[in-house]
Asker: 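Below: one structure in structure tokens.
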Amino acid sequence: MSATNLSHWRQAFSRRNIVATVLGGYLPILIAMAVIVLPLAWMAIASFKPAPEIITTQPVLWPQDPTLDNYAHVADTVPLLTVLGNSLIVTIVGSVIKVVLAITTAYALVFIDFRFKNAVFLAILVALMVPPEAALLPNYLTISSLGGRNTLWGIILPGLGTAFGTFLLRQQFKTLPKDLLEAAQLDGAGHLKRLWRIVAPVSAPTIATVALVTIVGEWNSFMWPLIITDSVQNMTLPVGLNLLQSIEGQTGSYGYLMAGAVLVILPVLIVFAALQRFIVSGLTQGAVK
Amino acid sequence: MFLAFAGPNLLLISVFIYFPLLSNAYYSTLNWRMGSTSATSAGIDNYVRLFTSPQGAEMWRVTITFTVVTVLASMVLGLLVALALNHRIPGITAGRTAIFSPYVLSGVGVGMVWNFIFDPQLGVLGHVLRSFGASSPEWYLDPDLALVMVIVVYVWKNLGFCAVVFLAGLQSIPSDLIEAARIDRAGALRRFFRLTLPLLSPTVFFLTVTNILSSMQAFDILKIMTPSGNGTNTIVFELFLQGFGPYQNAGYAAAISVVLFVVLFAITAFQMRFVEKRVHYA
């Protein structure tokens, strides 16, 4: 070991440096993690507690008599499988269509000649700045007049036009070398073939980012589904939970409510833990240039 | 060919984003109950009401309080967490993931979890306070406390996002700059305020704008924790309550929508056109 290396080691393990690392790094992070994780842990634990352990002035951490009754009760109060199924359908169908539309639109903006291309891009950019809540009332009237209240397509349709994904993918497609596509064009490949054979595969990480952010957004989506559905058979999970909260909120039946919260939170938490790299980069886009 | 690829998306954007902007502008001039087939012209009455009535003033007070406090608190706490995360120590990635995670969770689920914590009788917060001899505040009855409560929960959900964006900003600062200041024997606080913070100004600016936009659009937590609004009627929540809640006041809700759009659009346009060029690297 050379002399400089040795001094680096001494420096790294000097008492001062260890104290600084613990106080400046680990301690604040552990506090922050506790603040973040404890409420979620409390939710998960409470979802297995029977009612007497919830409605008490002397709560204990671990369930003394763990039970699945809370989950069974949620299933009775709102038709759980139906609501869960609705959420899955809305999330999958909505996300697939949105991602495909974003890919084809971004491809057109980058690789197909069109006179008004800049105007179209500007229109998409402006659409990105329109808060979805500002379109709520007219969209409600449009979908209602088409007979879309209390239907899954009524939940899915208004959110399909996608500016965010288009914008992100356009940036990615613009970085691709032109000769990559020119070679394919000489071979007689049409636009569709060039898109699926060349552009999409090399852009897979960006597409995955757009897809995951879209999936999480659809799953959590609340305001629009809340407005367009009032029959429980057609609700998505967050809307069903809103109903559950209004039924059980007054009675202190928090065991049921925590079981419901677990159902909407846990799937996203699992997906996030596995694929956080893509999700974080998608959600913090624009921050890091 | 262009339209074959981009047409469907453009059609959807026109019908469900652009057309609503125009029709809202029209609805906002009507005196119109939701679901009614008849409406009378109201001129600019809905807008006058939005800016001069006690109800409108209350909405602006709540919106501004909620936005200013959530933005400041998420950013200050987020920066502190980012500074802690900015060490090359084992396990830091797991910490980063955990702290970011609330940002991706359903606001409905998060609101339910915190309802259980804040419940004055059964909530764990009340239990802790009682064990210190204090009693739990009536979070749900007092409008001011209700606003504090939803602010706390919103910051809890949002601060990881700020932390991760700040962390990326910190990591883009060349380490030899910080090292040079260290050799000059500049103290930690001085290094932070004279060097790190100015170098972070683009990140601070980006986060300020995105946080204002998202705080003004907050809804899920507010709706779940205070279902019919109780000192928590920010602009989007009020829009919902007026249009689709107990009031069924479509014309007024449309006026709120128009103002919401104008305000958020102005903030975004301001960011893109104007200030971004004026943020200087130290």
Side-chain angles (χ1 to χ4, degrees), chain A residues 21 24-25 28-29 32-33 36-37 39 42-43 46 54-55 59 101 104-105 107-109 112 114 120 127 129-131 133-135 137-139 158 160-163 166 191 216 220 222-223 227 238 241-242 245-246 252 254 257-258 260-261 264-265 268-269 272-273 276 279-280 284 287-288, chain B residues 1-2 5-6 8-10 12-13 16-17 19-21 23-24 27 80-81 84-85 87 89 95 97-102 104-109 112-117 122 124 127 160 164-165 168 203 206 217 219-220 224 227 236 239-240 243-244 250 253-254 257 260-261 264-265 268:
Chain A
T21 304
I29 293 170
M33 277 181 72
I36 296 299
V37 172
W42 190 240
M43 159 192 80
I54 299 274
I55 304 174
L101 288 178
T104 55
T105 313
Y107 180 89
L109 283 170
I112 306 180
F114 186 61
V120 169
M129 302 182 205
V130 178
E133 300 83 8
L137 183 73
N139 285 346
L160 287 181
T162 168
T166 304
H191 279 303
V216 170
N220 290 341
F222 178 49
M223 199 176 187
I227 283 163
L241 292 180
N242 175 60
Q245 168 83 44
S246 61
Y254 285 108
L257 293 169
M258 292 308 101
V264 74
I265 283 178
V268 174
L269 220 44
F272 179 67
Q276 54 104 8
I279 299 177
V280 172
T284 56
V288 193
Chain B
M1 202 54 181
F2 181 87
F5 274 68
N9 195 12
L10 293 174
L12 285 162
I13 289 177
F16 294 110
I17 298 178
F19 167 72
L21 287 181
S23 49
N24 255 338
Y27 297 142
L80 291 176
V81 172
L85 286 171
H87 287 86
I89 48 182
T97 305
I99 289 165
F100 190 88
S101 62
V104 297
L105 300 181
S106 154
V108 172
M112 293 167 77
V113 169
W114 284 91
N115 270 337
F116 182 32
I117 292 172
L122 305 176
V124 68
H127 290 306
V164 166
V165 175
T203 310
F206 168 83
Q217 293 179 73
F219 175 72
D220 302 5
I224 291 296
V236 165
L239 159 64
F240 169 83
F244 304 93
S257 308
L260 175 74
F261 166 69
L264 295 191
F265 189 84
T268 320

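In what follows, chains carry the letters A, B, and so on, assigned in the order in which the sequence lines appear, proteins first and then strands, with residues in each chain numbered from 1.
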Asker: Tell me, out of B:Thr268, B:Ile17, B:Leu105, who's got the most heavy-atom pairs with chain A below 4.5 Å.
Answerer: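 Top option by heavy-atom pairs under 4.5 Å: B:Leu105.
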Asker: Are any non-hydrogen side-chain atoms of A:Gln276 and B:Phe100 less than 4.5 angstrom apart?
Answerer: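 Counting from C-beta outward, A:Gln276 and B:Phe100 never come under 4.5 Å.
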Asker: Is there side-chain contact between A:Leu269 and B:Ser101, with heavy atoms separated by less than 4.5 Å?
Answerer: yes
Asker: Below 4.5 Å from any heavy atom of chain B, which atoms of A:Ser246 appear? Answer side chain, backbone, both or neither.
Answerer: neither
Asker: Between B:Asn24 and A:Ala135 (side chain of the first, backbone of the second, donor and acceptor by atom type, cut-off under 3.5 Å), is there such a pair?
Answerer: no
Asker: Quick check for you: among B:Ile13, B:Thr97, B:Ile117, which has the greatest number of heavy-atom pairs under 4.5 Å with chain A?
Answerer: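 Max contact count across the listed options: B:Thr97.
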Asker: Does a side-chain heavy-atom distance below 4.5 Å link A:Phe222 with B:Ser106?
Answerer: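 When only atoms from C-beta onward are counted, B:Ser106 and A:Phe222 do not touch, as no gap falls below 4.5 Å.
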Asker: How about B:Asp220 and A:Asn220: do any of their side-chain heavy atoms sit closer than 4.5 Å?
Answerer: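 No, every pair of side-chain atoms sits at 4.5 Å or beyond.
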Asker: If the plane angle is over 60° it's perpendicular, under 30° parallel, otherwise tilted; pick one for B:Phe116 and A:Trp42.
Answerer: parallel
Asker: Considering only heavy atoms, which portion of A:Ile265 lies under 4.5 Å from any heavy atom of chain B: side chain, backbone, both, or neither?
Answerer: both
Asker: What part of B:Ile224 lies closer than 4.5 angstrom to a heavy atom of chain A: side chain, backbone, both or neither?
Answerer: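 For B:Ile224, backbone and side chain are both near chain A.
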Asker: Counting heavy-atom pairs under 4.5 Å with chain A, which one of B:Leu239, B:Leu12, B:Leu80, B:Leu264 comes out on top?
Answerer: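 Most heavy-atom pairs within the cutoff with chain A belong to B:Leu12.
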Asker: Hey, are the side chains of B:Phe244 and A:Leu137 touching, using non-hydrogen atoms and a 4.5 Å cut-off?
Answerer: yes
Asker: Hey, are the side chains of B:Val236 and A:Met223 touching, using non-hydrogen atoms and a 4.5 Å cut-off?
Answerer: yes
Asker: Against chain A, work out which of B:Val164, B:Val113, B:Leu10, B:Val81 has the most heavy-atom pairs shorter than 4.5 Å and name it.
Answerer: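 Top count of heavy-atom pairs under 4.5 Å with chain A: B:Val113.
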Asker: State, with a plain yes or no, whether a side-chain heavy atom of B:Phe240 is found less than 4.5 Å away from one of A:Ile227.
Answerer: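 A side-chain contact exists here, since the closest heavy-atom pair is under 4.5 Å.
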Asker: Of the backbone (N, CA, C, O) and the side chain (C-beta and beyond), which part of A:Val130 lies under 4.5 Å from a heavy atom of chain B, both, or neither?
Answerer: both
